[in-house]
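Right, one structure below, let's go through it.
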Amino acid sequence: MQFRLPRGTQDRLPEDQPYWEYVTSVAREQARLFGYGQIDTPVFEHAGLFQRGVGEGTDIVEKETYTFPDRSGEDVTLRPEGTAPVCRAYLEHGMHTRPQPVRMHYFCPIFRYERPQAGRLRQHHQFGVEAIGDGDPSVDAEVIDLGWRFTTALGLQGLSLAINSIGDPSCRPQYLAALKDYYAPRLGEACPDCRMRYERNPLRMLDCKRTDFACQDLVAEAPRITDFLCADCDVHFATLRRYLEALDIPFFINPTLVRGLDYYTRTVFEILPPEEGAQSVVLGGGRYDGLIEQLGGRPTPGIGFGSGLERLILNVKRQEAAALSDGAPVDAVVVSLGEAAASVAVRLASDLRQAGHRAVLAQPGRSLRGQMRHASALNARYTLVLGDAEVAAGTVQVKSMDTGEQREAPLAEAASLVSRA
RNA sequence: GUGAGCGUGGCCAAGCGGUAAGGCACCUGACUGUGGCUCAGGAAAUCGAGGGUUCGAAUCCCUUCGCUCACCCCA
């Protein structure tokens, strides 16, 4: 085999489509119910959009983007996340003049140069949602509600929702200072990565999962951001929790939940399946009140989430939440014997399709037995047989593949016979 | 980027130093115009690639590529 899939990509074969169709249709329906219109943005953008928006210090931008110069020498980047492009579009099309917040959803491929493993690809697809232009906690609750309805509507069991608040520019600095004060004397016990994070992005130390150093103990006793929230952030977070309770959405506060993109403020959340898999997060998002301004717009709040469709399908299959198959791919297979019949058969198959039936022509040269086998293998409901006798009489043999019953009928009636299930 | 496991026809898979089983799928046929069962036959593998050891290697050694899983990070 000379050519293979590029690493971390996958083909979606005909038999995979029902799962794809299932997940996207459930997503589409929830987006519709919540009033989120669809937006599509390009697969690539100017590299600067993500550097500015997502943050140069993040792993995603630092070492995972597919960035390369186009023929004019300008750097373009394959979309590594969905939010920045939507915010760019919000600004570019003056959406601040629309009723706020502007609610939008999207389906798009996402590219990140990573080492692939279960549930992690270099090209994956996300269903995402953004509500831009309203900072009220009711919007946080709405977006989380949408995510929760979506994942539960898929039939997934045992999901859990983790939420946290990571503050905003008025209170996070104080917390970071407290966090560094706490770590400073014990930094020697932390893993090398955490020691680096201490300087560059202390919040991420909370996210460390290494057990070969004291990181877990350090995290457990570390000061909690929720104890450092300023009055506004505190009220915001409390109100969100009240709304979630009103919605009867079960959640737990994970004080170490920190997301990897720089633009998040206040609310962050994740939905996880019950399996203890490493790549488990199936939906994640948060509020990004500083992002639009970062991209050159007026200060504008926003919140959204991204959800990995491949991971969702993995879970749907694992839990057998939905058993999906192609079903019978064809209604009728047209079988012919002899050259005269072949021409009539070609026409009959075409006429059947025009009448709305899924019709397939068996290869005219093959033996009757071979053509019948083919019809059987395709799981056809009917086989229509044309030989010299039928052609002369202007008829066709209509055979039900389920019952084995066969009757001769005028050619013109073939379509209506197939219609009868 | 780090670590581990694995690479035999389209798919699954035996063989583990003597020169490639088997199953699924595909194609053909079984008194020649009828499927799904059965039977017979057929096509399909430079045993991931390169090098080495050996009279001889899919089987041993080295290198390399790829796949998978975990770490990291994230959806």
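Since the model is a prediction, treat every value here as computed from it, not as a measurement. Letters A, B, ... are given to chains in the order of the sequence lines, protein chains preceding strands, and every chain is numbered from 1.
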Problem - Contact state string [nucleotides 34-50 of chain B, B base, S sugar-phosphate only, - no protein heavy atom under 4.0 Å] - result: BBB-B------------
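- Partners of A:Glu92 under the salt bridge (charged side-chain N to carboxylate O under 4.0 Å, His left out) rule, at least two apart in sequence or in another chain, are A:Arg88.
- Not less than 6.0 angstrom separates the ring centroid of A:Tyr106 from the ring centroid of A:Phe127.
- Using a 4.0 Å heavy-atom criterion, one finds that A:Arg366 contacts the sugar-phosphate atoms exclusively.
- The salt bridge (Lys or Arg N to Asp or Glu O under 4.0 Å) contacts involving residues 32-43 of chain A comprise A:Glu29-A:Arg32, where partners must be two or more places apart or lie in separate chains.
- Within the model, atoms OG of A:Ser160 and CG of A:Asn254 stand 10.0 Å from one another, a figure rounded to the nearest 0.5 Å.
- If A:Gly8 and A:Gly308 are placed on RNA chain B by their nearest nucleotide, the residue sitting closer to the 5' end is A:Gly8.
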Practice task
Starting at the 5' end of RNA chain B, write a dot or bracket for each base, bracketing those in Watson-Crick or G-U wobble pairs whose two distances are under 3.5 Å and using | for partners on another strand.
Solution key: ((((((((.[[[..)..(...]]].(((((.......))))).....[[[[[..)....]]]]])))))))....
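- Residues meeting the salt bridge (charged side-chain N to carboxylate O under 4.0 Å, His left out) test with A:Asp289, sequence neighbours left out: A:Arg287.
- A:Arg7 has its CZ atom 10 Å from the C1' atom of B:U68, to the nearest Å.
- Taking the side chain to side chain contact (heavy atoms under 4.5 Å, CB included) definition, one finds that A:Tyr66 meets it with A:Leu78, A:Phe111, A:Tyr113, A:Arg122, sequence neighbours left out.
- Among residues two or more places apart in sequence or in another chain, the side chain to side chain contact (heavy atoms under 4.5 Å, CB included) test is passed with A:Phe251 by A:Leu161, A:Ile163, A:Arg241, A:Leu244, A:Glu245, A:Ile253.
- Going from atom CZ of A:Arg122 over to atom C1' of B:U68 covers 14 Å, rounded to whole Å.
- Considering only residues two or more places apart in sequence or on other chains, A:Ser376 meets the side chain to side chain contact (heavy atoms under 4.5 Å, CB included) condition with A:Met401.
- Out of B:C69, B:C71, B:C74, the shortest distance to the side chain of A:Ala118 is found at B:C69.
- Within residues 123-133 of chain A, the residues having any heavy atom closer than 4.0 Å to RNA chain B are, in order of number, A:His124, A:Gln126.
- Listed by chain and residue number, A:Arg186 satisfy the salt bridge (charged side-chain N to carboxylate O under 4.0 Å, His left out) test with A:Glu221 (two or more places apart in sequence, or in another chain).
- Among residue pairs with one or both ends in residues 335-355 of chain A, those qualifying as side-chain hydrogen bond (donor to acceptor under 3.5 Å, both in side chains) are A:Arg347-A:Asp351; sequence neighbours excluded.
- With distances taken from any side-chain atom of A:Arg115 to the nucleotides B:G33, B:C74, B:U2, the minimum falls on B:U2.
- Considering only residues two or more places apart in sequence or on other chains, A:Arg79 meets the salt bridge (charged side-chain N to carboxylate O under 4.0 Å, His left out) condition with none of them.
- Nearest nucleotide to the side chain of A:Ala389, out of B:C74, B:G33, B:C71: B:G33.
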